[in-house]
Amino acid sequence: MDTAGIQKQSFGQTEINWDKLHKTKFYVAGAGIFSGITVGLYPMSVVKTRMQVASHNAVERNALSVIKGLLKTDGIRGLYKGFGTVVTGAIPTRIIFLTALETTKLAALKMLAPFKLSEPTQAAVANGVAGLMASFCSQAVFVPVDVVSQKLMVQGYSGHATYTGGVDVVRKVVKSEGIRGLYRGFGLSVLTYSPASAVWWATYGASQRVIWRFLDDGNAAPSEGKVLLVQAAGGISAGATSTCVTTPLDTIKTRLQVTGHDKRPTTKQVVRSLIADDGWTGFYRGFGPRFFTMSAYGTSMILAYEFLKSRACFPRLHRFQLSNVQGHVVVKSDDAFKFESCCRHS
């Protein structure tokens, strides 16, 4: 077997597609795993949001001062403002996102097969299209959750209104603006998160293939440590790239969503305000916390995601034969596919 074939086999053993997933196990376990990750990283989202909406004369202008201010006024609870809303809305959002992601990726890979693209290119295109579609489909649920949670994150800060909880936010927004108020910034959300998702998944998919070329030693069954290393490196690369590309739009979107009902600035007014206050660097307010959050969340999420997929996979026995290779279950087809996928024992 040539080197390219060996490398392709090695990566193939870590790739588990939608048609080989146990859907119930994937969703149930995933809800718990991703919620746990959110608990650990949520405070950085609160800090990032406050930095993005701070007025020009606000005292708390950097991450450390924002954290100190929250701890001083609200204690640890201050770092979790809006958390209940996010967790509640995250479950249906993730179900929609992951379903669209996996089904679109599988369809894209099949459509790209005749073009004989290189593995990194094929992975980048398929994952990018899948990430774009997944984010777009989930926005209908995500945007209202985002609007409510961000209003709770910044309540009482830099002149923003205060609320008694998520239900109070919904009631007041609907009363003053109607249902449309819950979708304020929807267009910018789509323009922010869909490209961010596309860039993230495209970078993740392509970077893994590139990294495998340097790490592959010809062993048909890569060690678990090596697999984790490649996945983590891919997650970090994806988070860094996505943050750099999409932070300006995220800053504008956040300001539109949290501004009081009576002000309702336009996108142009928000842009002018940011430039007047801080110049072009104003678009990168909260970049540090957002970079940390996206890199840390992306890396931990993708490791949990890939681990979950490996534990929720099952071979299609009517099409494939199973054999054991160095402690791994290798799925081999009876037809043209010499090496289809590899699933670890659960």
Side-chain angles (χ1 to χ4, degrees), residues 38 42 45-46 48-53 81-101 104 128-155 160-161 163 166-201 242-243 245-274 282-286 290 293-294 297:
T38 302
Y42 188 81
S45 294
V46 176
K48 180 270 298 182
T49 300
R50 289 204 160 207
M51 289 178 66
Q52 288 179 329
V53 303
K81 288 187 174 185
F83 180 75
T85 301
V86 168
V87 170
T88 302
I91 294 176
T93 301
R94 286 192 182 114
I95 289 175
I96 296 171
F97 184 93
L98 294 176
T99 302
L101 176 75
T104 304
V129 170
L132 183 72
M133 182 58 67
S135 180
F136 181 78
C137 291
S138 63
Q139 292 301 312
V141 176
F142 175 77
V143 172
V145 172
D146 202 28
V147 169
V148 174
S149 65
Q150 289 186 141
K151 283 183 176 292
L152 290 172
M153 287 179 188
V154 302
Q155 62 177 323
H160 290 279
Y163 305 92
V167 175
D168 187 39
V169 175
V170 173
R171 182 177 60 81
K172 289 181 177 178
V173 169
V174 172
K175 182 179 179 180
S176 62
E177 302 179 60
I179 296 297
R180 290 180 60 186
L182 295 175
Y183 284 88
R184 184 190 285 190
F186 179 81
L188 272 176
S189 259
V190 172
L191 290 175
T192 299
Y193 291 114
S194 294
S197 181
V199 171
W200 200 101
W201 285 99
S242 182
T243 304
V245 172
T246 61
T247 292
L249 281 174
D250 185 64
T251 301
I252 297 170
K253 172 196 70 67
T254 300
R255 284 203 156 204
L256 281 173
Q257 290 179 331
V258 303
T259 304
H261 315 312
D262 55 331
K263 300 178 182 178
R264 301 183 186 179
T266 63
T267 300
K268 184 182 292 187
Q269 289 172 331
V270 171
V271 170
R272 286 177 176 173
S273 174
L274 283 168
F283 292 102
Y284 280 87
R285 280 189 181 187
R290 189 166 190 260
T293 301
M294 289 194 71
Y297 181 80

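All values derive from a computational prediction rather than experimental measurement.
The closest side-chain heavy-atom distance from V173 to K151 is below 4.5 Å.
When all heavy atoms of V190 and F136 are compared, the pair lying nearest together is CG1-CD1, 3.9 Å. When all heavy atoms of D146 and S189 are compared, the closest pair comes out as OD2-OG, 4.4 Å. Among all heavy-atom pairs drawn from H160 and V154, the shortest one is CB-O, 3.3 Å. The shortest non-hydrogen separation linking L101 to G131 is CD1-N, 3.8 Å. What you find for S273 and R255 is that their closest heavy atoms are OG-NH1, 3.5 Å.
Take D250 and apply the salt bridge (charged side-chain N to carboxylate O under 4.0 Å, His left out) test, not counting sequence neighbours, and it matches K48, K253, R290. Residues meeting the side-chain hydrogen bond (donor to acceptor under 3.5 Å, both in side chains) test with T251, sequence neighbours left out: Q52. In this structure, the side-chain hydrogen bond (donor to acceptor under 3.5 Å, both in side chains) partners of T99, at least two apart in sequence or on a different chain, are Y27. Under the side chain to side chain contact (heavy atoms under 4.5 Å, CB included) criterion, V174 pairs with V170, I179, L182, not counting sequence neighbours. Applying the side chain to side chain contact (heavy atoms under 4.5 Å, CB included) criterion to S45, with sequence neighbours excluded, gives M153, T293. Not a single side-chain hydrogen bond (donor to acceptor under 3.5 Å, both in side chains) links T93 to another residue, sequence neighbours left out. With sequence neighbours left out, Y284 forms a side chain to side chain contact (heavy atoms under 4.5 Å, CB included) with T247, P248, F287. With sequence neighbours excluded, no residue forms a side-chain hydrogen bond (donor to acceptor under 3.5 Å, both in side chains) with R272. Partners of V86 under the side chain to side chain contact (heavy atoms under 4.5 Å, CB included) rule, at least two apart in sequence or in another chain, are T38, Y42, S149.
Residue pairs meeting the salt bridge (charged side-chain N to carboxylate O under 4.0 Å, His left out) criterion with at least one member in residues 187-198, sequence neighbours excluded, do not occur. Here salt bridge (charged side-chain N to carboxylate O under 4.0 Å, His left out) pairs that include residues 89-101, with residues two or more places apart or in two chains, number zero.
Here the straight-line distance linking atom OG1 of T254 with atom CD of Q257 works out to 6.0 Å at 0.5 Å rounding. If you take OG1 on T246 and OH on Y193, they are separated by 8.5 Å, rounding to the nearest 0.5 Å.
Looking at R184, its side chain does come within 3.5 Å of a backbone N or O of L256 through a donor-acceptor pair. For the pair S242 (side chain) and A196 (backbone), a donor-acceptor distance under 3.5 Å is present.
Counting heavy-atom neighbours within 6.0 Å of F283 CZ, excluding the residue itself, gives a total above 12.
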Open item on the list: Using side-chain contact (heavy atoms from CB on, under 4.5 Å), reason through L188 and T267 one step at a time and then give a plain yes or no.
Closed with: CA-CA 9 Å; L188 272 176; T267 300; 4.1 Å; yes

I'd like a table of donor-acceptor pairs (distance under 3.5 Å, sequence neighbours excluded) in which one partner is a side-chain atom from residues 138-145, with atom names and distances.
from : atom 1 : to   : atom 2 : distance (Å)
S138 : OG     : A134 : O      : 3.2
S138 : OG     : S135 : O      : 3.0
Q139 : NE2    : S135 : O      : 3.2
Q139 : NE2    : S135 : OG     : 3.2

